[in-house]
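We name chains A, B, ... by the order of the sequence lines, and we start the count at 1 in each one.
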Amino acid sequence: MAANSKIEPYNPAEIEAKWRAAWEEKPVNKEDSKKPKYYCLDMFPYPSGSGLHVGHWRGYVISDVWSRYQMMNGGHYVIHPMGWDAFGLPAENFAIQHGVHPRISTKENVDHIREQIKQIGAIYDWDMEVNTTDPDYFKWTQWIFVQMFKNGLAYQKEMPINWCPSCKTGLANEEVVDGKCERCHTEVTKKNLNQWMLKITAYADRLLEGLEGLDWPEKVKKMQTDWIGKSYGAEVDFEIDWSNVPESADGKIHMLREKFIRVYTTRPDTLYGATFMVLAPEHKLVEQITTEAQKDAVDAYVKQAMNKSNVDRLQDKEKTGVFTGSYAINPLNKEKIPIWIADYVLADYGTGAIMCVPAHDDRDFAFAKKFDLPIVQVIAKDGVEIEDMQEAYTDAAGTMINSGDWNGKESADLKVSAPEEIEEKGYGYKKVNYKLRDWVFSRQRYWGEPIPIVHCEDCGAVALPEEQLPLTLPEVEKYEPTGTGESPLAAIESWVNTSCPQCGKPAKRETNTMPQWAGSSWYFLRYVDAHNDEMLVSKEKADKYLPVDMYIGGVEHAVLHLLYARFWTKFLHDIGVVSFDEPFKKLFNQGMITGKNGVKMSKSLGNVVSPDDLIRDYGCDSLRMYEMFVGPPDLDSEWDDRGIDGVYRFLGRFWRLVNENLERETQETPELLKTRHQLIHTISTRLKQFNLNTVISGYMEFNNKLLDMSAQGGVDRETLKVFVQLVAPVAPHIAEELWSRLGETDSVFHSTWPEADETLMKEDQIEIALQVNGKTRGVLNINIDENKDTVIQKAKDALGDKLSGNIVKEIYVPNKIVNIVVK
RNA sequence: GCCGGCAUGGCGGAAUUGGCAGACGCAAGGGACUUAAAAUCCCUCGGGCGCAAGCCCGUACCGGUUCAAGUCCGGUUGCCGGCACCA
């Protein structure tokens, strides 16, 4: 059937320009306190100079589809803002190379990317726009820091921290990936610096417990759980046997000597099996307990361990270590056990010292084998003591042996009860530990929020009073990091020299800046009250519009931004700024769009696909739809330009379907009614479940079906309207155009999402499969919900002589299948 | 090493609670329309055997449970992701 020749062809450029202008003038989503709110948030971008590619689009399209769906389904006022995470190194490096102030280049980049993002045709409310580098914004970032300082959560500490020699700045643990800088992949070294730290560890338990109630991908929750790394165990004291270290040797006297070495263990049940101890090379007792004979070897080892880079320390799985010459006493069996030092023991976890149970720990086993130390099994594996052990038995499962009065107990029970027993006997304490470390918060770079602290000789570190915020960055000539651990700000004397806010004496400003993650740790709160001069967000707005209902972005921030933002939100909750303590109720991680063969799109590889040409050739709606159709939204997908032809052709046919039926006045038939409700049901279900790629295939399937019906008589107006509504979230421009052609005067996005009536969508005739012994041998048309006996009789008739042998069993799954088992 | 996830045509991918594997699309081939091309429309499209009706094989591999397995269970291999000496 030829298309009606009078129908004008689908012209996306014209339609999209028309509706872009109309929406610009009269936005479809405006603040309306009478409607229920829905907050759908994108992870805001860093405004880089290279602009957006089709991969960036995906997340923004997903969130816009979801936002528009929320507007229509439930009549929500949707908070859907966009902003800029604009502090950071690229702008600063650009300044170093070209002498352009980061403020200037950042503004240019923001203006450029804002225009690109507008191409997506999303319902962003630009009145809410925030920029982390705007003094009116970072005033509040600094304010939060001051509150943390006042509450003892921001503190200074001199310690060896992760240092990136290329970025010339300190890094948080979260920013070190495989021993390398998360940004530039340079090997991270250690540097001893006085740092500002944020006490995220004070929130370790709450950050862990809070995960339980969140509708987040399990993967992300697990990553955070592992990162926090909570473990249960005991701290146990081992008495030091000082007899090998004469007190007079280096002038030390007994009184100053520690009596015990304290260790942390998660396996107190294996205490009888501890046959040696190992201290971290940095442990404070190492010097004291080392005997004269071992001194040279120990000194050499400590020196070498200190010089090892993170990467070496990670890669060298081979155990190394030296004997200190001293012994300790196992508190339970009173055995004398040697004390070693080795770099496999970390100085900054637990107590920096461990008891070693080689029979039941892989690392201790490897160490014992290498240095020929005794191995004593204390848990029977499968009821027996292993002869000539080849690997450690690490399960806490089995009966205790070689363990004094613990013999015969179950190790799994003992693992739980031992800490208390040890506590009663006075050898130690029950103890919980975390892998999470405090957040190294200082950066020795220019383009970040200045830390609002003044150092006064008399008063120490003093926070700037609130009325002096924001503390803005001074103009500088040189942006180069010094590399010495000092910020470039330290060279600006006129800025550094100030007076103490407390006593008025001359004092110096803190010259470090905050890390990139500071501004992004709370931006989602600011959007809903972006122009408030009085506070970071009013109580009223916060209560009305927060927290975030749906957060959409890449998985790469699982333990960085998402952990920090949760921490800051909990803190702001505790000081009464907001009344909730989890910022993001639901999280969705979209998969990455890659180039051919799953290679990440990058400028240097030249495989970046720009949306610009595609929009020109196919239009925004086609690109939006293809972003959804390219693959399941949560998985990575390879971009293939050719695929967009498919959705473009579909939109052309959809255009034709509606237009060729505009004037027809087709009456609704039972068949059309049924199809309409099946369509509503199919699309709504898939949309709700976030199966966005199959939403698109659903459109295509029903469009083909309706085109057939159109050719055979026509499609009624109500069905067309419903179809247009269902397409609207994905392809808003064409939908709005067709909606108005169907005679509607208000926006399709102000219409109510159609509901499927299950009774109307039911087929009355259905085709089911006929099987013999589980193999399909034909199909059968039956009435829906037809009685079992009738169906089976029909099936037997239809199968006829394919049914040879005795019928053993007849299976009928209603409306699905008949299976006859013969022998 | 430990912990997760995944494995389906030439390609991207569909398949409620186990119930006709390959929806939808891309690419490819054929046809219609056209002076021609583009666009559009129609048909074919997992492999093998067969003139045909039809039969056999097929969801990484091996085995199991079941009337019935892409789906569940046990084992193996490969790929991806996270953690990486946290005691």
Please state the [atom1] separation for the pair [N] and [M] - nearest whole angstrom.
{"N": "B/rA52", "M": "B/rU66", "atom1": "P", "value": "40 Å"}
{"N": "B/rG54", "M": "B/rG18", "atom1": "C1'", "value": "28 Å"}
{"N": "B/rG47", "M": "B/rU59", "atom1": "P", "value": "15 Å"}
{"N": "B/rA60", "M": "B/rG9", "atom1": "P", "value": "8 Å"}
{"N": "B/rG82", "M": "B/rA27", "atom1": "C1'", "value": "36 Å"}
{"N": "B/rC57", "M": "B/rC73", "atom1": "P", "value": "26 Å"}
{"N": "B/rG5", "M": "B/rC43", "atom1": "P", "value": "43 Å"}
{"N": "B/rG70", "M": "B/rG64", "atom1": "P", "value": "15 Å"}

So, is [X] near the phosphate of [N], with a side-chain N or O under 4.0 Å from OP1 or OP2?
{"X": "A/Thr685", "N": "B/rU16", "result": "no"}
{"X": "A/Lys809", "N": "B/rC67", "result": "yes"}
{"X": "A/Tyr699", "N": "B/rC24", "result": "no"}
{"X": "A/Lys775", "N": "B/rC57", "result": "yes"}
{"X": "A/Asn815", "N": "B/rG19", "result": "no"}
{"X": "A/Arg686", "N": "B/rA14", "result": "no"}
{"X": "A/Asn693", "N": "B/rG12", "result": "no"}
{"X": "A/Arg642", "N": "B/rG12", "result": "no"}

Give one of base, sugar-phosphate or nothing for [X], where a contact means two heavy atoms less than 4.0 Å apart.
{"X": "A/Pro9", "value": "nothing"}
{"X": "A/Phe629", "value": "base"}
{"X": "A/Val779", "value": "base"}

[X] has a side chain; which of [options] sits nearest to it?
{"X": "A/Glu767", "options": "B/rC20, B/rC85, B/rU40", "result": "B/rC20"}
{"X": "A/Lys816", "options": "B/rA87, B/rC24, B/rU17", "result": "B/rU17"}
{"X": "A/Arg653", "options": "B/rG25, B/rC67, B/rA87", "result": "B/rG25"}
{"X": "A/Gln771", "options": "B/rC20, B/rA87, B/rC85", "result": "B/rC20"}
{"X": "A/Ile811", "options": "B/rC67, B/rC24, B/rA87", "result": "B/rC67"}
{"X": "A/Asn819", "options": "B/rG19, B/rA87, B/rC20", "result": "B/rG19"}
{"X": "A/Thr694", "options": "B/rA15, B/rA21, B/rA87", "result": "B/rA15"}
{"X": "A/Ser231", "options": "B/rC24, B/rC26, B/rA87", "result": "B/rA87"}
{"X": "A/Asn704", "options": "B/rA14, B/rC3, B/rC24", "result": "B/rC24"}
{"X": "A/Thr265", "options": "B/rG19, B/rA87, B/rC26", "result": "B/rA87"}

Just name whichever nucleotide pairs with [N], Watson-Crick or G-U, keeping both distances under 3.5 Å, else none.
{"N": "B/rC85", "answer": "none"}
{"N": "B/rG74", "answer": "B/rC62"}
{"N": "B/rC51", "answer": "none"}
{"N": "B/rG18", "answer": "none"}
{"N": "B/rG4", "answer": "B/rC80"}
{"N": "B/rC45", "answer": "none"}
{"N": "B/rG25", "answer": "B/rC11"}

What is the distance, to the nearest angstrom, from the [atom1] atom on [X] to the [atom2] atom on [N]?
{"X": "A/Tyr344", "N": "B/rA84", "atom1": "OH", "atom2": "C1'", "result": "16 Å"}
{"X": "A/Asn773", "N": "B/rC55", "atom1": "CG", "atom2": "P", "result": "13 Å"}
{"X": "A/Asn589", "N": "B/rG82", "atom1": "CG", "atom2": "C1'", "result": "13 Å"}
{"X": "A/Glu218", "N": "B/rC83", "atom1": "CD", "atom2": "C1'", "result": "17 Å"}
{"X": "A/Asp640", "N": "B/rG12", "atom1": "CG", "atom2": "P", "result": "10 Å"}
{"X": "A/Lys431", "N": "B/rA87", "atom1": "NZ", "atom2": "P", "result": "13 Å"}
{"X": "A/Ile7", "N": "B/rC41", "atom1": "CD1", "atom2": "C1'", "result": "14 Å"}
{"X": "A/Asp226", "N": "B/rG4", "atom1": "CG", "atom2": "P", "result": "10 Å"}

Side-chain heavy atoms of A/Val61 within contact of A/Val65, under 4.5 Å:
yes
Hey, is NZ on A/Lys600 packed in by over 12 heavy atoms from elsewhere, all under 6.0 Å?
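Count not over threshold, so no.
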Give the intermediate values and the outcome of ring pair (Phe, Tyr, Trp, His ring centres under 6.0 Å) for residues A/Phe367 and A/Phe276.
CA-CA 10 Å; A/Phe367 196 82; A/Phe276 60 101; 5.7 Å; yes
Looking just at side-chain N and O atoms, do A/Asn173 and A/Asn162 make a donor-acceptor pair shorter than 3.5 Å?
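Indeed, the side chains of A/Asn173 and A/Asn162 share at least one donor-acceptor pair under 3.5 Å.
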Hey, which of these two, A/Leu436 or A/Lys222, hits RNA chain B nearer its 5' end, going by closest nucleotide?
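Its nearest nucleotide lies further toward 5', so the answer is A/Lys222.
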5'-most contact on RNA chain B: A/Glu638 or A/Val647, nearest heavy atom basis?
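Nearest nucleotide further toward 5': that of A/Glu638.
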With the 90 degree cut-off around zero defining syn, does B/rG30 come out syn or anti?
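Glycosidic conformation of B/rG30: anti.
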Taking the ring of A/Phe654 and the ring of A/Phe723, is the distance between their centroids below 6.0 Å?
yes
Should the pair A/Lys431 and A/Tyr264 be classed as cation-pi, given the thresholds of under 6.0 Å to the six-membered ring centre and 45° from the axis?
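No, a cation-pi geometry is absent between A/Lys431 and A/Tyr264.
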If you take all heavy atoms of A/Lys221 and A/Leu214, which pair is closest and at what distance?
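Result for this residue pair: NZ-O, 2.7 Å.
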Looking at every non-hydrogen atom in both residues, tell me the closest pair between A/Leu780 and A/Val791 and how far apart they are.
CD2-O, 4.0 Å
For A/Asp438 and A/Lys199, run salt bridge (Lys or Arg N to Asp or Glu O under 4.0 Å): C-alpha distance rounded to whole Å, both residues' side-chain angles, the deciding distance at 0.1 Å, then the answer.
CA-CA 5 Å; A/Asp438 277 342; A/Lys199 210 180 241 171; over 6 Å; no
Carefully, step by step, assess A/Leu707 and A/Arg653 under the rule side chain to side chain contact (heavy atoms under 4.5 Å, CB included).
CA-CA 8 Å; A/Leu707 276 173; A/Arg653 287 193 288 260; 3.9 Å; yes
